[in-house]
Amino acid sequence: MSVLTEKESSMELADKRTGSWWKKFKNNRTLLIMCLPAIVFFVVFAYLPMPGLYLAFIKYNYSDGIFNSPFVGFENFRFLVITGDLWKLTFNTVAYNLAFILLGNMLQIFVAVLLNELRGKWFKKVSQTLMFLPHFISAVLIGLIAYNILSYDYGLLNGILQSLGMEPVKVYSTPNAWPFIIVLTYLWQATGYGSIIYFAAIMGLDNEVVEASEIDGANAFQRIRYIVLPWLKPTFIILLLFSLGGVLKGNFGLIYNLVGANNTALYATTDIIETYVFRSLMTNFNFSLGSAVSLYQSLFGFAIVLTANWLVRKLSPENSLF
């Protein structure tokens with residue numbers, strides 16, 4: 001009898017869980033339908049291609065196909081480590097992304113605070129529009145503009161230098177100049193768009209708190225330091241955690257169009273994981289090596305997100321993602 005009672009109770013519990021799940025589904029069906037396009041997108045482009053990770057552990061050739069090509073284990077990863085490409089690619093990608101994340105967020109917060117302090121509505125709207133426009137400029141067009149400025153033979157920069165009696169500069173043969181060019185170009189393109197998020201967060205600040213601080217005699221700098229910046233802290237942490245998830249995903253479109261994929265003179269400072277994978281697939285046709293680098297990129301990024309979230313949970317639990 002006790003066995004039957006236990007079975008009946010477990011069946012009742014399962015029925016309750018099923019009913020509860022179905023009830024939640026019915027209550028939230030509108031939200032689930034709204035999320036359906038995103039769910040389909042991730043299933044098609046993130047989960048269905050996962051069997052292709054097997055390419056990283058084989059020596060792929062066209063005649064045998066994916067699952068009949070020779071299995072080589074971690075040989076592709078070993079080759080990347082021995083040649084030193086993996087460390088160079090990792091350093092360049094992480095360095096660029098840290099510069100994008102830290103400098104980008106600092107500049108975006110500065111611009112958002114500056115816009116909030118402006119009193120002229122017309123000037124504020126015009127400023128927001130002008131700063132927002134670079135976000136919509138294609139990376140191809142940015143590369144074309146950069147080439148017309150930096151070209152050795154016909155560039156605007158060398159034209160100015162020669163008119164001043166100075167020697168022209170071979171920018172496309174100077175690796176150390178490109179980290180500054182790439183970071184400055186990214187900041188120019190992304191600052192206006194990113195500042196909108198912080199500006200919207202500032203708009204949610206209670207005006208009574210600001211007015212009370214003004215009555216107490218706080219000046220603009222004190223108000224920004226003790227009220228506005230602490231208010232933006234949760235937004236900054238959330239955006240930082242999201243950004244760290246892609247710390248090994250470089251801005252391929254920007255770097256490829258600024259530098260190109262085959263300028264060997266600039267590989268030391270501009271070659272990132274995406275450009276290496278693109279070159280492996282489209283130039284060298286080495287699908288296994290490209291897949292190995294991509295797998296390493298995903299696992300490393302996943303580990304960084306977990307580590308960063310753990311640190312945030314220890315220091316500020318209410319701002320962690322999970």
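Quantities reported herein were computed from a predicted structural model and do not represent experimental measurements. Counting from 1, the numbers follow the sequence of the chain as shown.
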Please report the closest heavy-atom contact between [X] and [Y], naming both atoms and the distance.
X      : Y      : answer
Ala265 : Pro175 : O-CG, 3.2 Å
Asn68  : Asp64  : CB-O, 3.0 Å
Trp178 : Leu150 : CH2-CD1, 3.9 Å
Ser291 : Gly52  : OG-O, 3.8 Å
Ile272 : Asn251 : CD1-N, 4.2 Å
Val169 : Asn158 : N-OD1, 2.7 Å

Open item on the list: Ring centres under 6.0 Å, that's the criterion: do Tyr152 and Tyr172 meet it?
Closed with: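 That pair fails the under 6.0 Å test.
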TODO: Kindly state whether the ring of Phe57 and the ring of Phe77 have centres lying under 6.0 angstrom apart.
DONE: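 Phe57 vs Phe77: aromatic centres under 6.0 Å.
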- [ ] Using modelled atom types only, decide if a donor and an acceptor are shared between the side chain of Ser163 and the backbone of Ile160 within a distance under 3.5 Å.
- [x]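 Yes, because the side chain of Ser163 sits within donor-acceptor range (under 3.5 Å) of the backbone of Ile160.
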TODO: Describe, in one word, how the ring planes of Phe252 and Tyr256 are oriented to each other, choosing from parallel (under 30°), tilted (30 to 60°) and perpendicular (over 60°).
DONE: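 Taking Tyr256 first and then Phe252, their aromatic rings lie parallel (interplane angle under 30°).
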TODO: Return yes if a side-chain donor-acceptor contact under 3.5 Å exists between Tyr198 and Asn105, otherwise no.
DONE: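 Their side chains do contain a donor-acceptor pair, which is all the 3.5 Å distance test asks for.
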Open item on the list: If the threshold is 4.0 Å, N to carboxylate O, is there a salt bridge linking Glu274 and Arg279?
Closed with: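 Salt bridge between Glu274 and Arg279, a charged N being under 4.0 Å from a carboxylate O: no.
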